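A, B, ... follow the sequence lines: proteins, then strands. Residue 1 opens every chain. In this text the structure is predicted, and so the values were computed from the model without any measurement.
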Amino acid sequence: MNSSTETDTSRRAPSLGDRMRTWVYLQRVDWRLSLRGIGWNHRKQIKRELKGNVRDAAAHEDTVKETLDRLGKPAALADEYADPAAQRGFLNHAAGIWALASFAVLQAVGIGINVGFREGADAAGADQRVAYAFEFAEGFGPFSGSYAPEPTMAAIAMITPAHLVIMVVAALIGGRIWRVAGRWVGR
Amino acid sequence: MAADHRTQMLKGVLALVLLRLLAAEESYGYEIVRRLQVSGLDHVKEGTVYPALSRLERDGHVSTRLVPSSSGPARKYYRPSQSGHDLLERLEASWDELVGAVEEIRAGQVEMTAVKEDG
């Protein structure tokens with residue numbers, strides 16, 4: 001059975017138009033799958049399988065267009081593939097990791113700025129406490145601090161409103177907020 | 001409308017049907033669709049079968065192997081794993097039970113008087 005199918009399948013090579021049609025369809029499925037929280041590897045696997053099945057079907061009996069029509073609308077097909085467990089909510093470990101990572105990056109940059117500022121102040125011969133601020137608005141953050149040469153003391157604003165905003169944005173990105181939103185708008 | 005009902009009913013037993021077909025002979029996606037059609041289930045859509053195969057694989061009920069194809073991407077051949085055989089056994093038992101119960105109802109063998117007495 002298998003060998004005869006191999007032979008049959010090679011009867012017709014898909015035209016450029018058919019390949020394009022298939023590609024566009026698969027991209028639309030891929031997009032819908034991504035909205036439903038399916039990871040890149042799984043999507044790639046699904047696309048590869050669908051591509052092979054479309055080609056097999058088109059080689060046997062139908063045109064590519066008919067085959068794609070029978071597969072249904074990309075959104076409906078993506079729904080069939082979607083694992084309810086994968087359709088996670090926004091609050092998940094990825095959102096937390098992104099929020100923590102953004103906090104760590106902000107702290108690292110803040111310390112870097114403070115160290116740099118301190119070097120600059122020493123080089124300029126500062127003899128009293130000096131302060132700096134790189135902020136979106138006054139008091140908003142994210143980077144502000146001070147340095148006093150005698151006695152040596154450095155201060156950094158570790159948490160500011162800007163920190164919180166950036167962490168929330170990072171959490172939204174990490175939690176793939178567009179996927180959650182896509183369940184409503186992607187239909 | 002009748003085809004709609006058939007599609008909905010089949011969805012409930014699709015795993016059973018697929019596992020039974022694959023237990024008889026390993027197959028790849030399109031071939032499985034063809035086998036379903038030849039079996040009389042010609043209204044079954046590819047868009048239902050391929051995701052169902054994907055779910056069976058994800059849940060470990062089928063094992064797969066890739067076979068190179070001269071005309072495109074390698075084909076993925078499916079066959080039931082041990083877990084798939086176990087599931088098939090359970091699904092067939094449930095199916096027999098369900099069909100038996102439905103047949104009894106259809107044949108009018110459920111005595112309303114007995115139900116009323118129980119109540």
Side-chain angles (χ1 to χ4, degrees), chain A residues 1-14 18-19 22-23 25-26 29 32-33 36 38-39 41-62 64 66-86, chain B residues 3-4 6-8 10-12 14-15 17-18 21-39 41-79:
Chain A
M1 182 185 254
N2 298 344
S3 59
S4 64
T5 312
E6 293 275 348
T7 309
D8 290 342
T9 305
S10 59
R11 282 184 310 189
R12 283 188 309 220
D18 283 345
R19 283 203 296 259
T22 306
W23 184 84
Y25 182 87
L26 293 179
V29 172
R32 301 293 180 165
L33 289 171
R36 285 154 181 77
I38 294 184
N41 276 335
H42 193 195
R43 297 205 313 267
K44 189 178 165 192
Q45 183 190 336
I46 289 171
K47 280 197 296 180
R48 191 171 51 228
E49 288 168 20
L50 282 174
K51 187 178 173 185
N53 290 328
V54 167
R55 193 164 291 187
D56 281 338
H60 272 80
E61 48 187 344
D62 298 323
V64 165
E66 286 167 338
T67 303
L68 295 178
D69 285 346
R70 276 207 320 278
L71 273 175
K73 290 182 177 173
L77 185 60
D79 275 339
E80 292 280 349
Y81 273 107
D83 171 9
Chain B
D4 260 7
R6 279 167 49 177
T7 303
Q8 288 304 318
L10 184 65
K11 266 194 172 183
L14 190 55
V17 171
L18 292 175
L21 283 178
L22 294 172
E25 185 180 0
E26 72 167 353
S27 279
Y28 59 92
Y30 176 68
E31 190 177 60
I32 295 168
V33 173
R34 292 286 298 145
R35 288 172 69 188
L36 286 169
Q37 289 170 346
V38 168
S39 305
L41 301 173
D42 50 354
H43 56 286
V44 179
K45 293 194 172 96
E46 287 99 316
T48 305
V49 175
Y50 301 149
L53 288 168
S54 177
R55 283 193 294 274
L56 286 172
E57 183 187 7
R58 185 200 63 210
D59 296 340
H61 298 314
V62 294
S63 55
T64 61
R65 67 186 181 100
L66 289 174
V67 176
S69 164
S70 59
S71 62
R75 284 179 181 146
K76 186 183 268 188
Y77 278 77
Y78 300 85
R79 66 175 164 206

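- For residues 46-53 of chain A, heavy-atom neighbours of chain B at less than 4.5 Å comprise A/Arg48, A/Glu49, A/Leu50, A/Lys51, A/Gly52, A/Asn53, sorted by residue number.
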| task | Please assess B/Ser54 against A/Gln45 for the test side chain to side chain contact (heavy atoms under 4.5 Å, CB included), listing each intermediate value before the final yes or no. | result | CA-CA 10 Å; B/Ser54 177; A/Gln45 183 190 336; 5.8 Å; no
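- Distance check, rounded to the nearest 0.5 Å: CG of A/Asp56 to CZ of B/Arg34 gives 11.5 Å.
- Annotation: salt bridge (charged side-chain N to carboxylate O under 4.0 Å, His left out) contacts of A/Asp69 (sequence neighbours excluded): A/Lys65.
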**Request:** Report the C-alpha distance between B/Tyr50 and A/Leu71 in whole Å, list the side-chain angles of each, state the deciding distance to 0.1 Å, and finish with yes or no for side chain to side chain contact (heavy atoms under 4.5 Å, CB included).
**Result:** CA-CA 9 Å; B/Tyr50 301 149; A/Leu71 273 175; 3.8 Å; yes
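- Enclosure of atom CZ in B/Arg55 by more than 12 non-hydrogen atoms of other residues, nucleotides or ligands within 6.0 angstrom is indicated.
- Distance check: B/Glu46 CD to A/Glu80 CD gives 12.5 Å after rounding to the nearest 0.5 Å.
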